[in-house]
Colleague: 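Sending over a structure as structure tokens; questions will come in a sec.
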Number of protein chains: 2
Amino acid sequence: MSTINDVSRLAGVSKATVSRVLSGSRGVKEASRQAVLKAVDELNYRPNVIAQSLLSQSTGCIGVICAQDNINQSTGYLYALEKQLSQHQKHLLLRFANTKAEVMNALEELSCGLCDDILIIGARFPLSVDQENVILVDCMQAADNVNSIQFDHAFAAETACNFLTSQGRRQIALIHPQGSGFADQVLLGYKHALEKNFLPFNRNLVFMEATSSSVALQELLNNASTLNFNALLVADEQEAQRVIPQLQAFNKSVPGDIMVFSLAGSLHLPGIPTIPAIEYSMDAMAARIVSWLNEKTQMLESWVLRGDLIIPEIRKR
Amino acid sequence: MSTINDVSRLAGVSKATVSRVLSGSRGVKEASRQAVLKAVDELNYRPNVIAQSLLSQSTGCIGVICAQDNINQSTGYLYALEKQLSQHQKHLLLRFANTKAEVMNALEELSCGLCDDILIIGARFPLSVDQENVILVDCMQAADNVNSIQFDHAFAAETACNFLTSQGRRQIALIHPQGSGFADQVLLGYKHALEKNFLPFNRNLVFMEATSSSVALQELLNNASTLNFNALLVADEQEAQRVIPQLQAFNKSVPGDIMVFSLAGSLHLPGIPTIPAIEYSMDAMAARIVSWLNEKTQMLESWVLRGDLIIPEIRKR
DNA sequence: CTGTTAGCGCATTCAT
DNA sequence: ATGAATGCGCTAACAG
């Protein structure tokens, strides 16, 4: 790779002039400008970003640590983020991490001057990070002294219940395994919606502590005769896909007998029926993040993102 | 962020000594070693990798340009690659690109000294790259002067047909839209297998030029009475998921009446039945790539990777 | 308008 | 064993 020295030599000017031409070339004689441009073209010269970074103390690299349990889910984040970042001449440094230890390790390794800022996405374990340049996205909230973007899970649950009620589903079961986090928020939204719709709260319809959604659902099914639930709220699309075949195995049609609602995303695959769900706009989120990265004047502190209600077109085909 | 100067001052030694302690500390008096370590700890000093990169002329960053049409598919690559790369203290710089222009643009932007090497994955359009530090992975083969890792599509098709034949499926239809590339290789493997199994080649069962797999399948279904096909080879899992509902809509059970076989990956979701498929080991591929990145002594030139035959456990439940 | 100088943070000589 | 000096490639400040 050729350097600025090669260019300056070939063009017969000094390094400073070359640099001037390449960045905001003003106050340069046209003759030398052309000479520089010609030399640049001949040598196929590209300024070394590492040297620039050393000087400017910023690399344009944003570290992204994906801590999602469901790896497929991270694709949405990544695609949206990369699109935004590259538009702003920034680079996305990718890391996957499945445990708290792995996240902290990745954080350590990325905090050596390589990354300007770091995003941690989807961690479902408590994280204590105090670095100013780290943003927690859809993570379990721990200390509140860090920047974070939270999804409004209460709003999601409330929206879900309101929608289901409007569809005539008044016995709404809720399965939300501990691991998903945000159990309290979800429960809050659930209760809110019930109250507003003058529906009774039936504690037998709610499973928040169960470690396995399959066991929880089985309990529901075993008592189906007395419970008579006709809707089921689950944490995310993964849970939904787990739960639907189990329902069908017990001769419950979906959504005929039981309408399954995902509180975070729905699979959109040709072969599989889409279910109603709350979906968070990855593009909106990514845009928000990148705009903050660019102008850090305002503290982001804690932003809350609300999801959209997505209703499948039932009789599409 | 504190620098090596701060450490040397606090420890009362020179920068050189600090550097020596931190990297292969040999020939350093224990006393100064301890002093340095103490200062490092106190200042929470981390050597600036950018400065190191400028000196060593290598950043440890590997650019990965995902050119897959199916974004979900890239997750597998990314996860495997990141795992391998981070194990070797390398970083993964992610880029998505959907067109040739976007790929070339990304390539340009990553070739400024930021990345040591660059991977282009899954491009289905001809690419002409002559940089020594670029590897084409599962891309359409263009010029042969670049490093590349190809999947053996002929082997995949042959394996598929042999498997299907062994299952008593002797009328094997093949739908492989142009866009998927490698049409000739697939056809070669298909024909090979037929010959070896003494099966006639029926050109009405093969659709290579169709732009839409849906139309191709419809042609097959329209002539089902005379064609009587009982197996269907498709390019990948995406195609498979598209094709299966269409078959079912015409009262063809899968895999009862027609066994659908994917030549590249099968969805492994709880709700959806797995279909037989060829799957390429992402881990094997990633390991191979990273090992080449580390010791570039041997030219990689053109490596070929063969996929594994994955058979679903038909009566799992 | 342009060349010279200095320095970003670090590792590696070369002296001592 | 260790400090001073050098340079990686570049930009910014200062002189001309």
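Just so it is clear: chains get the letters A, B, ... in the order the sequence lines come, proteins before strands, and each one is counted from 1.
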Colleague: Please round to 10 degrees the angle between the axis of the first five pairs and the axis of the last five pairs in the helix from C:dC1-D:dG16 to C:dT16-D:dA1.
Modeller: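 That helix has its two terminal axes inclined by roughly 50°.
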
Colleague: With heavy atoms under 4.0 Å as the rule, sort B:Ser19 into base, sugar-phosphate or nothing.
Modeller: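 B:Ser19: base contact, heavy atoms under 4.0 Å.
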
Colleague: Of all the choices, D:dT11, C:dT12, D:dT2, which nucleotide is nearest to the side chain of B:Ala16 once you look at every atom?
Modeller: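 Shortest atom-to-atom distance from the side chain points to C:dT12.
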
Colleague: Could you give the CG-to-C1' distance, from B:Leu22 to C:dT12, as a whole number of Å?
Modeller: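 For the pair B:Leu22 CG and C:dT12 C1', the rounded distance is 15 Å.
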
Colleague: With heavy atoms under 4.0 Å as the rule, sort A:Ser32 into base, sugar-phosphate or nothing.
Modeller: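 Contact class for A:Ser32: sugar-phosphate only.
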
Colleague: What nucleotide, of D:dC8, C:dA6, C:dA11, holds the atom closest to the side chain of B:Lys15?
Modeller: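 Selected nucleotide: C:dA11.
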
Colleague: From the set C:dC10, D:dC10, D:dA13, return the single nucleotide nearest to any side-chain atom of A:Arg20.
Modeller: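 Minimum distance to the A:Arg20 side chain belongs to D:dA13.
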
Colleague: May I have the distance from A:Lys29 (atom NZ) to C:dT2 (atom P), rounded to whole angstrom?
Modeller: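 In whole Å, C:dT2 P and A:Lys29 NZ are 5 Å from each other.
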
Colleague: Answer with base, sugar-phosphate or nothing: what part of the nucleic acid does B:Ser53 contact at a heavy-atom distance below 4.0 Å?
Modeller: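 No contact.
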
Colleague: So for B:Arg46 and C:dG9, does any side-chain atom that can act as donor or acceptor lie under 3.5 Å from a complementary atom in the base?
Modeller: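 Answer no: no donor N or O sits under 3.5 Å from an acceptor.
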
Colleague: Given atom CD1 of A:Ile4 and atom P of D:dC10, what is their separation to the nearest angstrom?
Modeller: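 About 5 Å, once rounded to whole Å.
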
Colleague: Have B:Tyr280 and B:Asp138 got a donor and an acceptor in their side chains that come within less than 3.5 Å?
Modeller: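 Note: B:Tyr280 and B:Asp138 side chains miss the donor-acceptor criterion.
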
Colleague: Give the rounded distance in Å between these two atoms: CG of B:Leu55 and C1' of C:dA11.
Modeller: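 From B:Leu55 CG to C:dA11 C1': 5 Å.
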
